[in-house]
A.B. asks: 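I'd like to ask some things about the structure below.
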Amino acid sequence: MSTNVRTRFAPSPTGFMHVGNLRTALYEYLVAKSLGGTFVLRIEDTDQERKVEGAVDIIYNTMRRAGLIHDEGPDIGGDYGPYVQSERKDMYLPYAKKLIEKGQAYYCFCTKERLDMLRESSDEPGAGYDRHCRDLPAEEVQRNLDAGMPYVIRQKMPLEGSTTFEDAVYGSITVENSELQDQILIKADGFPTYNFANVIDDHTMNITHVVRGSEYLSSTPKYNLLYEAFGWKIPTYIHLPLIMGKNDDGTVSKLSKRHGATSFEDLVAAGYLPEAIINYIALLGWAPKDNREMFTLQELVESFSIDGISKSPAVFDYDKLDWFNSEYIKAMTVEAFAAAAEPYFRKALGDMQLDRIKLASILQQRTVRLTEIPEKIAFFAEQPEYDASLFVNKKSKTTLENSPSLLKEGINALEALEKWDHDSIHDCLIGLAVELGVKNGTAMWPVRIAASGMSVTPGGAVEILDILGREESLRRLYKGLEKLS
RNA sequence: GGCCCGGUGGUCAAGCGGCUAAGACACCGCCCUUUCACGGCGGUAACACGGGUUCGAUUCCCGUCCGGGUCACCA
């Protein structure tokens with residue numbers, strides 16, 4: 001028997017992809033793919049007031065860059081379309097009316113003002129709707145309808161008893177029905193609310209596994225009541241632990257914009273690779289059976305299982321993301337890294353023609369985020385003003401006294417070089433150290449400082465000289481010598 | 001505040017009645033080394049608390065405390 005597993009990612013087009021959403025999408029993808037199922041993309045745009053131009057494209061782009069390829073969706077179609085809720089608008093009202101017929105829902109003519117007043121006049125923080133229209137006489141309802149009075153449709157919650165549902169992660173959860181509000185199903189503008197559209201769409205799209213953040217845990221009983229009212233099969237619920245952010249005061253709360261770079265686009269702009277981001281967030285709330293940490297998307301599909309999902313919230317840790325990113329960078333080929341780094345090379349060097357592969361090879365092992373690159377190599381384009389004190393280094397045994405002669409000897413040796421390439425420069429300087437009877441570092445230090453003007457550089461003296469080229473190298477070394485005298 | 005969920009080192013986390021309580025990140029030290037890194041080796045650091053159940057609880061139950069989520073014509 002092959003009940004096809006179907007999951008859906010149902011973002012609303014807000015203009016950015018929050019990592020919490022991305023992680024939900026990832027898990028939905030993994031649940032589907034690890035079970036040989038289908039991954040559906042559905043756009044939830046029922047809130048006409050919050051519509052953002054171009055936001056859907058951001059969703060497509062993010063999904064593609066993250067590698068989360070959907071099997072059905074607005075852009076590629078499928079058997080259960082349309083996949084945009086605004087295009088399904090007409091589907092929802094009939095379902096709501098069916099509920100009214102069954103006595104599970106009702107028209108409500110209360111104005112927004114009355115609702116606001118209700119809220120304000122109550123001293124209970126959680127006080128909700130007073131069910132004023134719940135038992136309106138049928139004639140009055142009809143009269144209002146005929147008069148064209150604006151209305152919403154509300155779900156009629158049971159006043160007694162309790163509702164229990166099973167969650168694949170959190171287990172059995174029971175809520176007293178008296179806690180449940182008569183939530184709105186259809187808004188005054190005719191659009192369904194998220195909660196209602198969700199149930200209708202998930203059912204009509206044959207979604208078998210509903211994966212979402214645990215912030216929906218407490219509203220799930222309402223969903224179940226809806227499914228039961230229609231006599232529909234209840235999907236498997238998989239609620240995910242929340243991703244938290246650290247606040248300035250040391251507390252934590254649901255990760256949001258105020259915690260910094262928290263959207264996929266933000267993170268990419270901050271110099272993180274999509275693969276590293278995916279790998280990291282996969283491990284926020286899920287752990288494999290073994291100790292493994294490095295996963296490609298495909299490997300995640302192979303290792304994923306629902307019972308590895310944890311219940312407790314996870315704090316988003318930029319340090320760990322940094323580590324993943326540097327690991328991914330180190331694992332790239334130099335060519336791939338050079339390509340990824342190119343925009344940052346340009347930023348620091350402009351049109352200056354330096355060997356990109358050589359640059360990449362000295363940077364690759366020491367780059368955590370791509371965005372660090374420009375500041376690391378800016379000295380190649382223009383040597384910064386530096387102080388002679390940089391020539392002093394205890395470990396290398398260099399001082400203001402011995403540096404001038406050391407540097408002069410270096411210049412002499414280098415000027416005699418026939419070929420200016422890495423190995424020649426290397427052998428030349430090492431040979432010099434031997435000749436002078438000093439440590440390699442002692443001979444190298446003044447050269448590197450004069451060539452770069454920086455105490456810390458990517459690569460050593462040899463690499464820098466090689467990349468800089470003979471002419472510019474010598475020019476800088478002489479300048480250093482001048483500074484020392 | 002009501003309701004729901006959670007609670008293993010600073011962070012992510014293994015563990016699912018008996019372990020010297022893994023591993024990773026971060027941090028610290030040492031080594032390597034032409035700087036910084038990288039790499040190698042080692043180290044500091046945890047079962048929130050109190051009751052039970054049991055021969056035995058980090059693991060099961062209850063309570064307390066703490067943390068989070070949720071109570072919209074937002075999703």
A.B. asks: Tell me what A:Ala314 touches on the nucleic acid: a base, only sugar-phosphate, or nothing, going by heavy atoms under 4.0 Å.
C.D. replies: sugar-phosphate
A.B. asks: Quick one: label A:Leu115 by what it contacts on the DNA or RNA (base, sugar-phosphate, nothing), any heavy atom closer than 4.0 Å.
C.D. replies: base
A.B. asks: To the nearest angstrom, how far is A:Asp307 atom CG from B:A13 atom C1'?
C.D. replies: 15 Å
A.B. asks: What is the distance, rounded to the nearest whole Å, between atom CD of A:Glu179 and atom C1' of B:C5?
C.D. replies: 15 Å
A.B. asks: Under 4.0 Å, heavy atoms only, any strand: does A:Thr457 hit a base, just the sugar-phosphate, or nothing?
C.D. replies: base
A.B. asks: CG of A:Leu118 versus P of B:A72: gap in Å, rounded?
C.D. replies: 11 Å
A.B. asks: Is it the case that the side chain of A:Arg134 and the backbone of A:Cys108 share a donor-acceptor pair, with hydrogens and angles ignored and the cut-off at 3.5 Å?
C.D. replies: no
A.B. asks: Could you state the CD-P distance from A:Gln155 to B:A72, rounded to the nearest angstrom?
C.D. replies: 14 Å
A.B. asks: Would you kindly compare A:Trp445 and A:Glu327 by the position of their nearest RNA chain B nucleotide and give the one closer to the 5′ end?
C.D. replies: A:Trp445
A.B. asks: Which heavy-atom pair separates A:Glu275 from A:Tyr328 by the least distance, and what is that distance?
C.D. replies: CB-CE2, 3.7 Å
A.B. asks: So, does A:Lys376 get its side chain near the phosphate of B:C36, meaning an N or O under 4.0 Å from OP1 or OP2?
C.D. replies: no
A.B. asks: Under 3.5 Å, side chain of A:Gln155 to main-chain N/O of A:Phe196, donor-acceptor pair present?
C.D. replies: no
A.B. asks: Verify whether one side chain among A:Glu166 and A:Ser172 offers a donor that lies under 3.5 Å from an acceptor in the other.
C.D. replies: yes
A.B. asks: Should B:C3 form a Watson-Crick or G-U wobble pair with both distances under 3.5 Å, which nucleotide is its partner?
C.D. replies: B:G69
A.B. asks: Would you call A:Arg114 and A:Asp130 a salt bridge, using N to O less than 4.0 angstrom?
C.D. replies: yes
A.B. asks: Using a 4.0 Å heavy-atom cut-off to protein, can you give one letter per nucleotide of nucleotides 22-33 of chain B, 5' to 3': B if the base is in contact, S if only the sugar-phosphate is, - if neither?
C.D. replies: BSBS-------B
A.B. asks: Could you tell me whether A:Lys89 and A:Asp45 have a side-chain N and a carboxylate O separated by less than 4.0 Å?
C.D. replies: no
A.B. asks: For a quick check of understanding: with a heavy-atom distance under 4.0 Å over all strands, which category does A:Leu283 fall into, base, sugar-phosphate or nothing?
C.D. replies: sugar-phosphate
A.B. asks: Categorize A:His426 for me: base, sugar-phosphate, or nothing, with a 4.0 angstrom heavy-atom threshold over every strand shown.
C.D. replies: base
A.B. asks: Find the partner of B:G29: check Watson-Crick (N1-N3 plus N6-O4 or O6-N4) and G-U wobble (N1-O2, O6-N3) distances, both under 3.5 Å, and reply none if neither fits.
C.D. replies: B:C41
A.B. asks: Identify whether any heavy atom of A:Ala287 sits under 4.0 Å from a base atom; if not, whether one sits that close to sugar-phosphate; answer base, sugar-phosphate or nothing.
C.D. replies: sugar-phosphate
A.B. asks: Would you kindly say whether A:Arg448 and A:Ser396 are connected by a side-chain donor-acceptor distance under 3.5 Å?
C.D. replies: no
A.B. asks: Quick test of your reading of the model: are A:Arg42 and A:Asp202 salt-bridged, counting only N-O distances below 4.0 Å?
C.D. replies: yes
A.B. asks: Closer than 4.0 Å, any side-chain N/O of A:Lys330 to the OP1 or OP2 of B:G39?
C.D. replies: yes
A.B. asks: Identify the pairs formed between an N or O of the protein and an N or O of nucleotides 61-70 of chain B at a distance under 3.5 Å, and give each distance.
C.D. replies:
residue : atom : partner  : partner atom : Å
B:G68   : OP1  : A:Val252 : O            : 3.1
B:G69   : OP1  : A:Lys254 : N            : 3.1
B:U70   : OP1  : A:Lys254 : NZ           : 2.8

A.B. asks: Checking only heavy atoms, does the side chain of A:Arg448 share a donor-acceptor pair with the base of B:U34 at less than 3.5 Å?
C.D. replies: no
A.B. asks: Have a look at A:Gly285 and say if it touches a base, only the backbone sugar-phosphate, or nothing, with a 4.0 Å heavy-atom cut-off.
C.D. replies: sugar-phosphate
A.B. asks: Check the angle between the aromatic planes of A:Phe304 and A:Tyr27 and answer parallel, tilted or perpendicular using the 30° and 60° thresholds.
C.D. replies: perpendicular
A.B. asks: Identify, with sequence neighbours excluded, every residue that meets side chain to side chain donor-acceptor pair (under 3.5 Å) alongside A:Asn402.
C.D. replies: A:Thr399
A.B. asks: Pick base, sugar-phosphate or nothing for A:Ser455, based on heavy-atom distances below 4.0 Å to the nucleic acid.
C.D. replies: base
A.B. asks: Rounded to the Å, how far apart are A:Leu180 CG and B:A72 P?
C.D. replies: 12 Å
A.B. asks: Is it the case that A:Arg212 places NZ or CZ above or below the six-membered ring of A:Tyr194, under 6.0 angstrom from the centre and within 45 degrees of the axis?
C.D. replies: no
A.B. asks: Using a 4.0 Å heavy-atom cut-off across all strands, classify A:Ser326 as base, sugar-phosphate, or nothing.
C.D. replies: nothing
A.B. asks: Which is true for A:Val315 with a 4.0 Å heavy-atom rule: it touches a base, it touches only sugar-phosphate, or it touches nothing?
C.D. replies: sugar-phosphate
A.B. asks: Please figure out whether A:Arg366 or A:Ala10 has its closest RNA chain B nucleotide nearer the 5' end.
C.D. replies: A:Arg366
A.B. asks: With a non-hydrogen cut-off below 4.0 angstrom, is A:Thr174 in contact with a base, only sugar-phosphate, or nothing?
C.D. replies: sugar-phosphate
A.B. asks: Distance check needed: B:C73 P versus A:Asp189 CG, whole Å only.
C.D. replies: 12 Å
A.B. asks: When the distance from CD1 of A:Ile329 to P of B:A37 is rounded to whole Å, what number comes out?
C.D. replies: 17 Å
A.B. asks: Pairing check on B:G63: which nucleotide meets the Watson-Crick or G-U wobble criteria with it, both distances under 3.5 Å?
C.D. replies: B:C49
A.B. asks: Taking pairing as Watson-Crick or G-U wobble with both contacts under 3.5 Å, can you name the mate of B:G23, or confirm there isn't one?
C.D. replies: B:C12
A.B. asks: Let me know the distance between CG of A:Leu407 and C1' of B:U34, rounded to the nearest Å.
C.D. replies: 14 Å
